[in-house]
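In what follows, chains are A, B, ... by sequence order, proteins preceding strands, each numbered from 1. All values derive from a computational prediction rather than experimental measurement.
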Number of protein chains: 2
Amino acid sequence: MEFSEKQLEILHVAEKLFSKNGFDGTSVRDIAHEAQINVAMINYYFGSKDKLLDDLFDYRVEKFKMDESILQLTIPVMDILDEMVSSYIKYMNSSLAIYQIIAIEAGVKKRLMLSDSYKNLKVHNLHVISSIIQKGVDTGEFRPGNDPILIHATMMGTFMNFQMNRSFLKSELNITTDEEYSEYMESTLVTHLQRTIKALLTYEY
Amino acid sequence: MEFSEKQLEILHVAEKLFSKNGFDGTSVRDIAHEAQINVAMINYYFGSKDKLLDDLFDYRVEKFKMDESILQLTIPVMDILDEMVSSYIKYMNSSLAIYQIIAIEAGVKKRLMLSDSYKNLKVHNLHVISSIIQKGVDTGEFRPGNDPILIHATMMGTFMNFQMNRSFLKSELNITTDEEYSEYMESTLVTHLQRTIKALLTYEY
DNA sequence: TTTTAAATTAAACACTTGTTTAAATTAAAC
DNA sequence: GTTTAATTTAAACAAGTGTTTAATTTAAAA
């Protein structure tokens, strides 16, 4: 699906407002006002407010697919794992708005959950993680028996926790700006997750 | 603050609907209908819809404080850690509704974030985790240098991820009923988190 | 039992919601 | 340049929002 310049402008404004105030907390008039267009244009271009969310999701979802090609790299599997965690967190961090929306709307409403593309995305990412783990198990570097679902949930959930408790954690970490918080997530948080997952995959229990 | 039987009935219905449809997605008339009362009673008892949410939060928040007394137990620190994870996840799992509300409203709106009791709760729980880690470091069982904030975020976030992706994960794990999913979280997920945190605290990197 | 207070009700309030309409403007096709 | 189509607009639509009011019923206090 292709979008015109005008449609993209509306999508970007909607993304911003949905992530800030939630889908139900954002009116079409809020969007129209911020985008400096007439309210009717939203229905003219997207049909309805619900379809606007669907289109926004389709517009963004493709980029959330994990890069499968890292599996082909001739580097140690430990480094592949590190690279996967790092690039995934960094991309999520650079696309916070849509991720915020997904987290809320997929959890509360059934809206996005029903979307096939959402399910396909998750299945794909689980598959990539699963393949990396398998590769490590084959080389004897990782212990077998670890469920990729749990690994994925840990990575995703920890990131999300930082996202949803931003203001509390900022004060707790003595961070003042959003930029600094962003840096923290891309360095300290990434390192933490890399260590956590590696520790788990090599841990003897 | 004490609530009458009628007020509690309203609070329980509100909790259920807020967790299902979000705060903005739930109207006072929805609550009144489900609780079989007149709409005006909500404002009569709670003043406003916003204050109803505040009261619901105050009503539940106390129970989310981690039990500090486990620190005094004369059992290995590993077992204290296991017990902390287990009891925390189990309690969260038994109070899903309010946790769902917290996750959404604290993240999107600034509503609950402004609440002092919410901040105090988090500070308290972080302190308990911090004390357990310190105890393990003192006995030489845990490595020093692990930030309790990251441990807490991992535990909380992973649980939340299971909560917010319920329907996807149910199909992925071949789970059909909510009861079974609940059992999974209290057994497999708890074990996973215990292992993860212990692995992280003892991991040599 | 009478008086006072609390609880409950239906109705109205003013405002916001998403969506549609029909007219006006702009752009494209011929 | 005229016609056709696409875009944009202000206005209206019906339904829903949280809240308030004033009247009524129920319960408690005197």
Trainee: Under 3.5 Å, which protein N or O atoms sit close to an N or O of nucleotides 6-8 of chain D? Give each pair with its distance.
Mentor:
{"unit_1": "D:dT7", "atom_1": "OP2", "unit_2": "A:Y44", "atom_2": "OH", "d": "2.9"}
{"unit_1": "D:dT8", "atom_1": "OP1", "unit_2": "A:K6", "atom_2": "NZ", "d": "3.1"}
{"unit_1": "D:dT8", "atom_1": "OP2", "unit_2": "A:Y45", "atom_2": "OH", "d": "3.0"}

Trainee: Any cation-pi pair here, B:K122 with A:F168, using under 6.0 Å and within 45°?
Mentor: yes
Trainee: Indicate whether any N or O donor in one side chain lies under 3.5 Å from an N or O acceptor in the other, for A:S69 and A:D67.
Mentor: yes
Trainee: Judged by modelled atom types alone, do A:H192 and A:T158 share a side-chain donor-acceptor pair under 3.5 Å?
Mentor: no
Trainee: Whole-Å distance between D:dT20 P and B:K51 NZ?
Mentor: 12 Å
Trainee: B:K49 has an atom NZ; how far is it from atom P of D:dG18, in whole Å?
Mentor: 4 Å
Trainee: Does this structure show an ion pair linking B:R60 with B:E15, if we count only N-O contacts that are shorter than 4.0 Å?
Mentor: yes
Trainee: Rounded to the nearest angstrom, tell me the gap between atom CG in B:D50 and atom C1' in D:dT19.
Mentor: 12 Å
Trainee: Nearest-Å distance, CD1 (B:I42) to P (D:dT17)?
Mentor: 12 Å
Trainee: For A:Y88 and A:H152, take the angle between the two ring planes, folded into 0 to 90°, and tell me which bin it lands in: parallel under 30, tilted 30 to 60, perpendicular over 60.
Mentor: tilted
Trainee: Categorize B:S4 for me: base, sugar-phosphate, or nothing, with a 4.0 angstrom heavy-atom threshold over every strand shown.
Mentor: nothing
Trainee: Between A:Y99 and A:S95, do the side chains contain an N or O donor and an N or O acceptor separated by less than 3.5 Å?
Mentor: no
Trainee: For B:I37 and D:dT19, what is the distance between atoms CD1 and C1' respectively, to the nearest whole Å?
Mentor: 14 Å
Trainee: Within the 3.5 Å criterion, strictly below it, is a donor on A:D30 or A:S27 matched to an acceptor on the partner's side chain?
Mentor: yes
Trainee: Map B:Q36 and A:G47 onto DNA chain C by nearest heavy atom, then report which one ends up closer to the 5' terminus.
Mentor: B:Q36
Trainee: What residues in residues 27-35 of chain A put a non-hydrogen atom under 4.0 Å from any atom of DNA chain C?
Mentor: A:S27, A:V28, A:R29
Trainee: Do A:K135 and A:F142 form a cation-pi contact, if we require the NZ or CZ to be under 6.0 Å from the six-membered ring centre and within 45 degrees of the ring's axis?
Mentor: no
Trainee: Can you check whether A:F64 reaches A:I98 side chain to side chain, under 4.5 Å on heavy atoms?
Mentor: yes
Trainee: Got a minute to check which stems DNA chain C is part of, using Watson-Crick or G-U wobble pairs under 3.5 Å, three or more consecutive?
Mentor: C:2-30 with D:1-29
Trainee: Which protein N or O atoms sit under 3.5 Å from an N or O of nucleotides 21-28 of chain C?
Mentor:
none

Trainee: Please list all pairs meeting salt bridge (Lys or Arg N to Asp or Glu O under 4.0 Å) that have one or both residues in residues 81-99 of chain B, counting only residues at least two apart or in different chains.
Mentor: B:D82-B:K198
Trainee: Does a side chain donor of either A:N93 or A:S182 reach within less than 3.5 Å of an acceptor in the other side chain?
Mentor: yes
Trainee: Starting from P on D:dA12, measure out to CG on A:N43 and report it in whole angstrom.
Mentor: 19 Å
Trainee: Kindly write out the residues that satisfy side chain to side chain contact (heavy atoms under 4.5 Å, CB included) with B:D178, not counting sequence neighbours, or none if the list is empty.
Mentor: B:R166, B:K170
Trainee: Whether the A:Y45 and A:D55 side chains hold a donor-acceptor pair (N or O, under 3.5 Å, no angle test) is what I'd like checked.
Mentor: no
